[in-house]
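Working notes, beginning with the structure itself.
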Amino acid sequence: MSEFIVNGGKKLYGDVTVQGAKNSVLPLLAATYLSNSECVLHNCPRLSDVDASVAILEHLGAKCRFEGNTLTVDSNGCFSSDIPETLMREMRSSIIFLGAIIAKCKAASMSLPGGCELGPRPIDIHLSALRQMGAEIECTAGRLICTAPNGLSGAEIHLNFPSVGATENIILTACKAKGTTVIYNAAKEPEICDLASFLNSCGAKIKGAGTPTVVIEGERELSGCVHNVIPDRIVAATYLFTVAMCKGAIRIKNAIPEQIFPFCHILQKCGCDVSVNADSVTLRSHNALHNFDVVSSGPYPGFPTDAGPSLVSASCLFKGTGVFVENIFDSRFRYVDELKRLGADIKVVGRAAIVTGVKNLAGAKVEAHDLRGGAALVSAAVAAHGTSVVRNIEFIDRGYENIEKVFAQLGAEIKRK
Ligand code: EPZ
């Protein structure tokens, strides 16, 4: 397992361009399976989760080609519908291929995604919606066997929770179903809008993405298209919170203001100087920062659960007490014990992390247990005085493209070993 060696405590200064959004490119890759010709994705991040999705597409028969951050996919003529367990286990969010495969092949089989480091990851909302559209789904011996003997039909689907993945799977299936599908209480995340924009460029007819009600016309013939993946708002948050805790200044050149508003608002309240332009954001952190009162994660446009670990990590060095409440996943606080090894003062009570700011963090050996918690540990190590080792960085490589190069470019002393 690789690790980062960090000699922390330095201020950070510089300009960065944020990578393409992991949580956008994964459903986009599933969507390319529906196209009858070549799709080109620009600003595609080089991540292990992207590699896992490409491996699935190639297993299904698609031709994939990476050139820098441009990924070309041609799924024309492929009608495989089975994803083997080895590929499913590589990445839990492979469930996002279910909607595209059953839409194209009227059948799909794959192993159940199971849980992950964040706790159980049920897919009941996905399955209930696909059944309402005519899919017959059996879960036996850890595998999902799906068929659509009478084809797929549009439906009016009310989600009991605005699940991001379920919304994406329904949209993908609905593009090929007979008739119109309406999703009520749909997820409103920017990644849903990016998927709808990609599919509409291919010839789909999707309205309302980004609102609670999404309407999809079915039986659409989808061609290929050229698409720019939106910037990763969670990676932008990680960079902003890291510079806030280390002191210094950062300009993120390709930020989308409304997507990073939650983080900028909190950091301004804590005492950072934040200025937002049409396509960039600048943060300056020079004074002593004071902690936020209470921040709770929730569905977009609320504070994103994925940015929680970066917020908690930064707040370790803010004066006073801050409380972060995690409402989306059951076990997203495993990184807290590792932050405490760096000298953080945090108590986890149920769904809340109660942080009391300390003057400094001190270098230590820590271990990543998941993607976002791991990134938060790197941020804390970069801020800590002295040398730290961050182990199990494979978790971080799932979602951050060369995180150590970006922090080094800002002035941090960090090396991959
Ligand atoms: C997506 O996961 C993201 N992953 C997650 O990012 C993100 O944390 C999450 O949305 C919330 O924003 C990708 O986009 C690849 P959900 P997803 O369905 O689709 C429950 C990261 O670090 N639920 O909105 O799985 C579920 O248990 C990852 O980049 C059901 O109960 O999220 C959870 O409590 C982590 N039944 C909540 O809903 C279902 O059928 C949110 O899940 C589906 C979900």
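Nothing here was measured: the structure is a model prediction, and the numbers come from that model. We count ligands from 1, going down the list as the structure has it; atoms in each ligand are counted the same way.
- The closest protein non-hydrogen atom to atom 40 (O) of ligand 1 is I125 N, 2.8 Å.
- Side chain of T242 to main chain of T238: a donor-acceptor pair is present (N/O by atom type, distance under 3.5 Å, no hydrogens or angles).
- Each of V18, L47, D232 was checked for a side chain to side chain contact (heavy atoms under 4.5 Å, CB included) with E401, and the lone residue meeting it is L47.
- For atom 9 (C) of ligand 1, the nearest protein heavy atom (residue, atom name, distance) is F329 CZ, 4.1 Å.
- Of the candidates V235, I123, D306, it is D306 that places a heavy atom closest to atom 6 (O) of ligand 1.
- In plain terms, the two heavy atoms of A100 and N169 that are nearest each other are N-OD1, 4.5 Å.
- A salt bridge is absent between D345 and K340: the closest approach of a Lys/Arg side-chain nitrogen to an acidic carboxylate oxygen does not fall below 4.0 angstrom.
- Under a 4.0 Å criterion applied to the non-hydrogen atoms of G165, ligand 1 contributes the atoms 18 (O), 19 (O).
- Taking every non-hydrogen atom of R372 and a distance limit under 4.0 Å, the qualifying atoms of ligand 1 come out as 21 (C), 22 (O), 29 (O).
- In R398, neither the side chain nor the backbone holds a heavy atom less than 4.0 Å from any atom of ligand 1.
- Of all atoms in ligand 1, numbered sequentially from 1 with element shown, those under 4.0 Å from a heavy atom of K22 are 21 (C), 29 (O).
- Ionic pairing of K207 and E217 is not present here: no N-O contact between side-chain nitrogen and carboxylate oxygen is shorter than 4.0 angstrom.
- For atom 18 (O) of ligand 1, the closest non-hydrogen atom on the protein side is S163 OG, 2.7 Å.
- Among P122, S94, P304, G308, the residue whose heavy atom lies nearest to atom 31 (O) of ligand 1 is P122.
- The protein reaches atom 33 (C) of ligand 1 closely, with a heavy atom under 4.0 angstrom from it.
- Residue-to-ligand polar distances keep L26 apart from ligand 1: every N/O pair is separated by 3.5 Å or more.
- At a threshold of 4.0 Å, the pair R251-D15 counts as salt-bridged, since one of the basic side-chain nitrogens sits closer than that to a carboxylate oxygen.
- Enclosure of atom NZ in K10 by more than 12 non-hydrogen atoms of other residues, nucleotides or ligands within 6.0 angstrom is indicated.
- Looking at ligand 1, you'll find an N or O of I328 within less than 3.5 Å of one of its N or O atoms.
- In summary, of the residues considered (E394, R391, R416), a side chain to side chain donor-acceptor pair (under 3.5 Å) with S2 occurs for E394 alone.
- Atom NZ of K178 sits in a crowded spot, with more than 12 heavy atoms from other residues, nucleotides or ligands closer than 6.0 Å.
- What sits closest to atom 11 (C) of ligand 1 on the protein, heavy atoms only, is T305 CG2, 4.0 Å.
- With hydrogens and angles left out, the side-chain atoms of N254 and T17 include no donor and acceptor closer than 3.5 Å.
- Ligand 1 lies out of reach of E191, whose nearest heavy atom is not under 4.0 Å from it.
- With distances taken over non-hydrogen atoms, the option nearest atom 12 (O) of ligand 1 out of D124, L127, V164 is V164.
- Not close to ligand 1: M91, with no non-hydrogen atom less than 4.0 angstrom away.
- In terms of polar-atom proximity, defined here as any N/O pair under 3.5 Å, N23 does make such a contact with ligand 1.
- Which parts of ligand 1 touch F161 is read off a 4.0 Å heavy-atom cut-off, strictly below it: atoms 37 (C), 38 (O), 41 (C).
- Relative orientation of the F303 and F263 rings is perpendicular, given thresholds of 30° and 60° on the angle between their planes.
- Ring pair F261/H265 is parallel by interplanar angle, where below 30° counts as parallel and above 60° as perpendicular.
- Of all the heavy atoms of R332, the ones lying under 4.0 Å from any atom of ligand 1 belong exclusively to the side chain.
- Ion pairing between E326 and R332 fails under the 4.0 Å rule for side-chain N and carboxylate O.
- Considering only non-hydrogen protein atoms, atom 17 (P) of ligand 1 sits nearest to R121 NH2, 3.8 Å.
- Under a 4.0 Å criterion applied to the non-hydrogen atoms of S93, ligand 1 contributes the atoms 15 (C).
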